[in-house]
Structures are given as C-alpha cells and as structure tokens.
Amino acid sequence: MRDDSAMNLSTELLDWYDRHARTMPWRVSPADRARGVRPDPYAVWLSEIMLQQTTVAAVRDYFLKFTRIWPKVTDLAAAEDADVMAAWAGLGYYARARNLLKCARVVASEHAGRFPDTYEALLKLPGIGPYTAAAVSAIAFDRSSVVVDGNVERVIARLHAVETPLPDAKPELTALAADLTPEARPGDYAQAVMDLGATICTPRSPACGICPWSGPCRARAMGLQSELPRKRPKAARPVRQGVAYLARRRDGAWLLETRPEKGLLGGMLGWPGSDWAEAVPDHAPPLAADWTDPGAEVRHTFTHFHLSLSLRVAQVGDVTPDRGRFVPRDSFRPADLPTVMRKAYDLAAATLPPIE
DNA sequence: TAGTCGTGGTT
DNA sequence: TAACCAAGACT
C-alpha cells in the first residue's frame, strides 16, 4: 500500500526527472508530455526491444534506421525476414529480431495494426516479457504498471538496503517497487527511475551527492551503496574452437549460409564451417578447393563462452557448393553479418587479391 | 530453474 | 587483461 513517504519519494523523483530527463529519439520529454504529446506505441515498443540488455548508445542508430525504413508497425510486418535480420546485424541477441518480426505481424494481423494497451495483452506477444509489457503499458499507455529492470533492481535494493542476492531478491524488489509506483505520470516515473539508475545510481561509484533519493537511501546510510545489489557469482566461460570456410568466386561472390532459426546467431548469415566445441569437431569443407590458412584466428566472446575460430580461405571457380549459396558481390554487405562473421571476413578479405 | 543468447564500452 | 556490465526473454 502506498503511504505518504512513498508519495513523497515518487514526487521527488518526478521533480528531478522534469529537470534532468535524458533526450532520446523515441522519448517524449516530460515538458511535451505535460502538454499532452503522446509517444508512438510502435516507437516505444521498438526501443524497448532494442534496449533489452543493450546500452542506449548502441541502440540509437539502429532505432533511427528501423524507423526510417519501417515507419509503422504494419511496414515492419510486411518486411522480408532477411532484410530485418540484416538491419539488426551487429546489435546482438538475434532472437529479439526474430520475435520483433513475429510480434509486428501479430499486431498487424490480429490487432488491426495497433498495439494492445494493457500489461496482460502485451505480455502475450512474442518477445515481450514482464519488463517490456510493463514499460510499454506505462510509457505508451499511462498504465501504472510496475516496471522492474536492472536499473530499478539496483535503485530499490539500495534504497531499502536489500542484502538478499539476485535473482532471489527479485520478488522482494518487485514488491518494494510496486509500493513506490504512482498512479499519476506512471510513464515518466518509470523512465525517471531508469534515468536515475543509468546516470546517478550507477553500478560502481554512484553519485550519491546529487541523488534526489540520497536522504532516505538506507544503503547510503550504511555505507553499502557500492555493494548492493549483491549477485550470485557467474560461471566461468569455457573456450570453444571452430573452423570457418570463406570461399570467394572469381566474380567476387562469397559463399554464405543462413543459420538455423534456433540457437546461436539464429537466422543470421554466416560462413559454412564446423560446430563450435571445446575440441574442434569433425567437419568437411563446403566445397573442394585449395584452402589456405591465413594464420591469424578470430577471437570473439559470447555470453557464455570464448570462441577461437580458425579460418580457411580460397578463391574458387564456378562450382556448386555442398553447403550454402554464393551471394553476388553487388548484394553482399559485410555489415549484414553478425560481428564474429564480419571479423572473419575482415581477416580473409585481406588475404585474397582484389577483384578486377 | 538454470542455461542460452551478442556486443561494445568501462574498470 | 579479464571481468563486469547494459531498459530481459525464452525454454
């Protein structure tokens, strides 16, 4: 139940947000919001999907590109899968792009091109979980949903000096966050807590001296502000090995394949090659050629393992490969590849003579 | 439920 | 350098 102190806290934070809100391409400023300007639910949803586990700085250009190419959800719903995956390349967590397209198509076909405006209905859509359903319903539709992301977990854990490690502390933090969530301006409030976490109540070296909540903050009073929230230690990352084959035809076409929908880099373009495991798995090249080893390996770190990828490079004639397809020079853009594949390209292309 | 799923910046 | 971290979802 919200009491006076909770009301004071949310009011203090909204006052701070009115003065310090960050500017973002998808955001309506608190001043404009007060004048009645409503955010576009499509822009709110798109930005929230892109921002999952991803920094604002990384998202900005992708958001502008997507809204330029596909200004409305119905435009995105009508897009080709390969075009959307290519546009997402480099942003990571590619299941988000697959679910983004699924969600756009459901909204277009089953909701007449308009996003549902409740937490429960949003939660049913592909790629929308508890956080995103709460954020979109609050920011786009003024619902007083309880928005709990990593920022909120950190801010609330400090405010109440919750010492239970995450993720066990999640239910407790959600309940505490619910007590603070106001009925008025829920969208601004949600964005305010996240701005506070991103700019002041940061993971390390929080700027308590300029924090609007420093007075009531129990962690600060206890000197625990840099210790909370506690987290369970993560497992060490193993090193996996693999081999990738980069074949270029004399006309400049490259041999690529679309990876399976499920699993790592699902649905993205990649070079044919072995699986990735702690010992190099048995495998065969995608076609017979005079493969050369450029020597240098591609090193890349994923969420749960390090990869050391050996390369085999060849200039080939007009042959039919056992795997993949040749992508013509004119339609091949290295930027359409996920980062590990683009690193391999950068190394391999340097070993081959230029195309006429 | 705990593992899977990217990337680039920061410390 | 290696670890940590960022507006989580899915299975």
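So you know, we letter chains A, B, ... as the sequences are listed, proteins then strands, and number each from 1.
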### Task
Show the numbers, then the answer: is there a salt bridge (charged side-chain N to carboxylate O under 4.0 Å, His left out) between A/Asp117 and A/Arg143?
CA-CA 8 Å; A/Asp117 63 357; A/Arg143 306 275 185 183; 3.3 Å; yes
### Message
According to a hydrophobic-cluster definition based on side-chain heavy atoms being under 4.5 Å apart (Ile, Leu, Val, Met, Phe, Trp, Tyr only), do A/Tyr345 and A/Leu255 belong together?
### Response
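No, because A/Tyr345 and A/Leu255 fall into different hydrophobic clusters, even though each may have its own neighbours under 4.5 Å.
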Looking across every strand, which nucleic acid part, if any, lies under 4.0 Å from [X] by heavy atom: base, sugar-phosphate, or nothing?
| X | result |
| --- | --- |
| A/Arg232 | nothing |
| A/Thr301 | base |
| A/Arg27 | base |
| A/Ile49 | nothing |
| A/Trp26 | base |
| A/Gly90 | sugar-phosphate |
| A/Met341 | nothing |
| A/Val59 | nothing |
| A/Gly197 | nothing |
| A/Thr303 | base |

### Task
Return the 5'-most residue of the pair A/Tyr93, A/Arg204 with respect to DNA chain B, ranking by each residue's nearest nucleotide.
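Counting from the 5' end, the first nearest nucleotide belongs to A/Tyr93.
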### Task
By nearest nucleotide on DNA chain B, pick out whichever of A/Arg240 and A/Arg342 is the more 5' one.
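Taking each residue's closest nucleotide, the earlier one in sequence belongs to A/Arg240.
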### 5' precedence on DNA chain C between A/Leu125 and A/Lys231 (nearest-nucleotide basis)
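Result: A/Lys231.
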### Message
Quick check on DNA chain C: between A/His306 and A/Gln53, whose nearest nucleotide comes earlier from the 5' end?
### Response
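Taking each residue's closest nucleotide, the earlier one in sequence belongs to A/His306.
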### Message
Is it the case that over 12 heavy atoms from other parts of the model lie below 6.0 angstrom from the CZ atom of A/Arg114?
### Response
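Open.
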### Query
Just wondering, more than 12 heavy atoms not from A/Lys72 lying within 6.0 Å of its NZ?
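Open: at most 12 neighbouring heavy atoms sit under 6.0 Å from NZ of A/Lys72.
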Does the ring center of [X] lie less than 6.0 Å from the ring center of [Y]?
| X | Y | value |
| --- | --- | --- |
| A/Phe115 | A/Trp45 | yes |
| A/Phe302 | A/His300 | yes |
| A/Tyr245 | A/Trp271 | no |
| A/Phe66 | A/Phe63 | no |

#### Entry: Span that lies between the C1' atom of B/dG3 and that of C/dA7, in whole angstrom
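Rounded to whole Å, the distance is 22 Å.
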#### Entry: Spacing of the P atoms in B/dG8 and C/dA9 (rounded, Å)
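Rounded to whole Å, the distance is 22 Å.
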### Query
How far does CG of A/Leu101 sit from CE of A/Met85, to the nearest 0.5 angstrom?
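Reported to 0.5 Å precision, the distance equals 8.5 Å.
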### chain A footprint on DNA chain B, 5' to 3' - any atom under 4.0 Å from a heavy atom
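Nucleotide range in contact with chain A: B/dT4 to B/dT11.
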#### Entry: Start and end of the DNA chain C segment that chain A contacts, any atom under 4.0 Å from a heavy atom
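So the contact region on DNA chain C extends C/dC5 to C/dC10.
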### Query
Who else is in A/Val239's hydrophobic cluster (ILVMFWY, side-chain heavy atoms under 4.5 Å, direct or via others)?
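So far as hydrophobic clustering goes, A/Val239 is joined with none.
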